[in-house]
Amino acid sequence: MRNIYGVEQPEKFIMFEEQVKLYHTAFIDGYIEATHVMIEQKSLGKDLRKGIRQSDGSMLSSYQQAVRYSSMLPYSKRSRWIVTCNFSEFLIYDMENPNCEPEQIFLKDLPKEYYRLKFLVDTGNDSIRREMEISLQAGELVGKLYDLILQQYKDTDSPETLKSLNMLCVRLVFCLYAEVSGIFGSHKMFGNYLKQFQSKDVRKALIELFQVLDTKPENRDPYMNDDLSAFPYVNGGLFADENIEIPRFTEEIVNRCKQVFNWSEISPTIFGAVFESTLNPDTRRSGGMHYTSIENIQKVIDPLFLDDLKSELNKIFDIKVAKTRLSRLEDFRKKLSELTFLDPACGSRNFLTETYISLRRLENEALRVIYGRQKLFNLDNLIKVGINQFYGIEINDFAVTVAKTALWIAESQMMHETEEIIEHDLDFLPLKSYANIVEGNSLRLDWSEIVPRGTLSYIMGNPPFVGYSLQSKE
C-alpha cells in the first residue's frame, strides 16, 4: 500500500483482526473502512472457492464467510468489496453485483495488473459524490413532476402526448436551472412569474412565456407586461416549437415547480443521463438507465487524450520566460479549440459533456495564468473551447434534446468558472443552436457526412449493449 499505491500510513489505513459478533466472537482478517473493503485471507494452496467447515458446523467458502461478517457490521460500514486471497491468487467480489463471478488476479501477474487492485485505496471524489447525490435528487423531482403532469393529459398513452410532455419537462428544467444559476439575470425570476397566477391560469402563462423566450427583444410586443419583457431571449431552438401540447396545471404541479432546489449544483454529465432515464417512456417501462459514471468515462478519456493534454499544460507552466509561456498558453488554447470528438451512440451525451467540461477546465487553468500576467480588455471570443466541437449520433429523438440541454448547462457552469477567474461577467445568452447531434441509426449513417474524417480527432463512447429481445428489427 505504501510503495505501490502511495498510502503514507498503511498501518492506520487498514485494520486487522477486527472483532465481529456472530453467535460467538469472530475476527475479520483485514478491513479498510475508507474504501469499504473486507479481506479474508487463507493459507497458501487453499482453494478459495471450496467450503470450509465453520465452528457452528456450516460449510462456507472464504467469500461466504466474509459476507456473513459484513452482514453483522453497522449498515454504513458494510463491504462494497470483498477480497479473498491465498498468497498466490486474489478473488475480487464487487457487492454492487453480488451474483457475478469474481475477478481473478494471480500474484505472479501483479506487476502488470496492479491497477486492478486500485479500489483498495480509491476513496473516490467527494465533489463527484455530491454532484451525483444532487443530480439523483433532481431526477427524482423531475420524475414526480412528469407523473403529475401526465395525469392531466386527455390521452396519456399517445406518442404525441409523451413527446409534448418530454419537451415540456425539458423546458421547465431549463427555466428552473436558469433562474438559480443567474442565466435569467434576476434570482427566482421564473418562480416569481408563476406566483402571480392561480393554478388554472398557469397553462396560459407558460404558453406566453415560452413564446417570449423564443422571440428577440426587438420583435416582441412593446406593450407586454414588464414581468414578461424582463425575460431574455434564449434561442437555441429550445422554445421554438409552439405546437407542443400543454395541459392544465394543478396546484400540486405548480408547487413542485416552485420547490426550493439548488439546480445550479447538478452535474450535467450525470443529470443528462438521469433526466433521459426519468422521462424516456421506454426506459421507464423497462426500468433501464443508460448511464456511464464519471469515473468510468474518465477511464476512457484520460488515457485517450486527457492525460497527455494535462502533461503538455504542466510543461508549459514550467517555462521560465514569461513571454514564451504566455505565447505557448495561447497556442495550447488554440489546439484545444481545434479538437473534435464523435460519440456514435451518444445517448444523453454524458461522454461528450464530461469531455467538454474537462477541456474547458484546462482552458480555464491556462486563462488563470494568462489573466494573472495581463489585463484582458477585449472579451470577445475569449473562450476558445466550444460545444460545437462535439458530435453525436443518437437514435432516440428525446435523448437528442436532453443531450443539447445537458451541454448548455455544462457551458453555463464552465462560463461561470471563467467569470470568477477574469472577474468579469460574460454573456451566455442567446444560446447557440448547433446541428451536430444527429438523430439516426449510427449503424446505417455515414459518419464522415456528420463530421469530416480529416477534422475528427477522437471517436469514443459506450455502445448500447442491450439484449437481442430489446432490439428493433432494424
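Not measured: the values here are computed from a predicted model. The basis for the numbers below is simple: all heavy atoms, side chains too, and nothing from hydrogens, waters or symmetry mates.
- Lys163 and Asn166 share no donor-acceptor pair across their side chains, judged by distance under 3.5 Å alone.
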Evaluate side chain to side chain contact (heavy atoms under 4.5 Å, CB included) for Leu382 paired with Leu367, printing each intermediate quantity in order.
CA-CA 9 Å; Leu382 171 70; Leu367 280 173; 4.0 Å; yes
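- Taking the side chain as every heavy atom from C-beta outward, Tyr31 and His36 approach each other to under 4.5 Å.
- The CG atom of Leu168 lies 11.5 Å from the CG atom of Leu150; values are rounded to the nearest 0.5 Å.
- Atoms CZ and CZ, from Phe119 and Arg80 in turn, are 9.5 Å apart once rounded to the nearest 0.5 Å.
- At least one donor-acceptor pair closer than 3.5 Å links the side chain of Thr340 to the backbone N or O of Ser457.
- Nearest heavy atom pair, residue Tyr356 against residue Gly386, reads CE1-C, 4.0 Å.
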Could you check Phe197 against Val254 for side chain to side chain contact (heavy atoms under 4.5 Å, CB included), going step by step and ending with a plain yes or no?
CA-CA 10 Å; Phe197 305 97; Val254 176; over 6 Å; no
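- Residues Leu213 and Tyr233 have side chains not in contact (no heavy-atom distance under 4.5 Å, counting atoms from C-beta outward).
- Side-chain contact between Asp214 and Val234: absent, with no pair of heavy atoms (C-beta onward) separated by less than 4.5 Å.
- A donor-acceptor contact shorter than 3.5 Å is absent between the side chain of Tyr153 and the backbone of Ser158.
- In this model, a donor atom of one side chain and an acceptor atom of the other lie less than 3.5 Å apart for Asn364 and Arg360.
- Atoms CH2 and CG, on Trp447 and Leu456 in that order, are 9.5 Å from each other to the nearest 0.5 Å.
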Tell me, with the steps shown, if Lys154 and Glu245 meet salt bridge (Lys or Arg N to Asp or Glu O under 4.0 Å).
CA-CA 10 Å; Lys154 301 294 185 184; Glu245 185 180 352; over 6 Å; no
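- Between the side chain of Glu363 and the backbone N or O of Lys384, at least one donor-acceptor pair lies under 3.5 Å.
- The shortest distance between side-chain heavy atoms of Gln65 and Tyr69 falls below 4.5 Å.
- Summarising the geometry of Phe184 relative to Glu179, their closest heavy-atom pair is CD1-N, 4.0 Å, with the distance given to 0.1 Å.
- In this structure, Gln198 places its CD atom where only 12 or fewer heavy-atom neighbours from other residues, nucleotides or ligands lie under 6.0 Å away.
- In this structure, Tyr458 and Ile301 have side chains that are not in contact, with every pair of non-hydrogen atoms separated by 4.5 Å or more.
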Between Lys335 and Glu338, does a salt bridge (Lys or Arg N to Asp or Glu O under 4.0 Å) hold up when you go through it step by step?
CA-CA 5 Å; Lys335 174 181 177 177; Glu338 293 172 347; over 6 Å; no
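- Among all heavy-atom pairs drawn from Pro344 and Met460, the shortest one is CD-O, 3.5 Å.
- With a 6.0 Å radius and a threshold of 12 heavy atoms from other residues, nucleotides or ligands, Asp446 has its CG atom above the threshold.
- For the pair Arg248 and Lys200, the minimum side-chain heavy-atom distance is 4.5 Å or more.
- Shown here for Leu352 and Cys346, the closest heavy-atom pair between the two residues is CD1-CB, 4.4 Å.
- In this structure, the side chain of Thr215 does not engage the main chain of Arg220 through any donor-acceptor pair within 3.5 Å.
- Looking at Ser70, its side chain never comes within 3.5 Å of a backbone N or O of Arg78 through a donor-acceptor pair.
- A tilted orientation is assigned to the rings of Phe341 and Phe305, their planes being inclined by 30° to 60°.
- Atom OG1 of residue Thr161 and atom CD1 of residue Ile149 lie 12.5 Å apart, to the nearest 0.5 angstrom.
- In this structure, Arg171 contributes its side chain and Leu238 its backbone to a donor-acceptor pair below 3.5 Å.
- Looking at heavy atoms from C-beta onward, Leu73 lies in side-chain contact with Met38 at the 4.5 angstrom threshold.
- Residue-environment remark: CD (Glu251) stays at or below the threshold of 12 foreign heavy atoms within 6.0 Å.
- A side-chain donor-acceptor contact under 3.5 Å links Asn436 to the backbone of Phe390.
- Looking at heavy atoms from C-beta onward, Ser61 lies out of side-chain contact with Thr84 at the 4.5 angstrom threshold.
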Quick one, Leu145 with Val173, criterion side chain to side chain contact (heavy atoms under 4.5 Å, CB included). Give me CA distance, side-chain angles, the key distance, then yes/no.
CA-CA 10 Å; Leu145 194 61; Val173 165; over 6 Å; no
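- Rounding to the nearest 0.5 Å gives a distance of 13.0 Å between CG of Leu336 and CD1 of Ile383.
- In this structure, Ser358 contributes its side chain and Glu354 its backbone to a donor-acceptor pair below 3.5 Å.
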If you apply the rule side chain to side chain contact (heavy atoms under 4.5 Å, CB included), what do you find for Leu329 with Leu313, and how did you get there?
CA-CA 8 Å; Leu329 285 172; Leu313 182 60; 3.6 Å; yes
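- Here the straight-line distance linking atom CG of Asp157 with atom CG of Leu162 works out to 7.5 Å at 0.5 Å rounding.
- Shown here for Ser412 and Ile183, the closest heavy-atom pair between the two residues is OG-CD1, 3.6 Å.
- When all heavy atoms of Phe13 and Ile32 are compared, the pair lying nearest together is CE2-CG2, 3.3 Å.
- In this structure, Ser164 contributes its side chain and Ile244 its backbone to no donor-acceptor pair below 3.5 Å.
- Using cut-offs of 30° and 60° on the angle between ring planes, the pair Tyr63 and Tyr93 is parallel.
- Side-chain atoms of Glu208 do not come within 3.5 Å of backbone N or O of Ala205 as any donor-acceptor pair.
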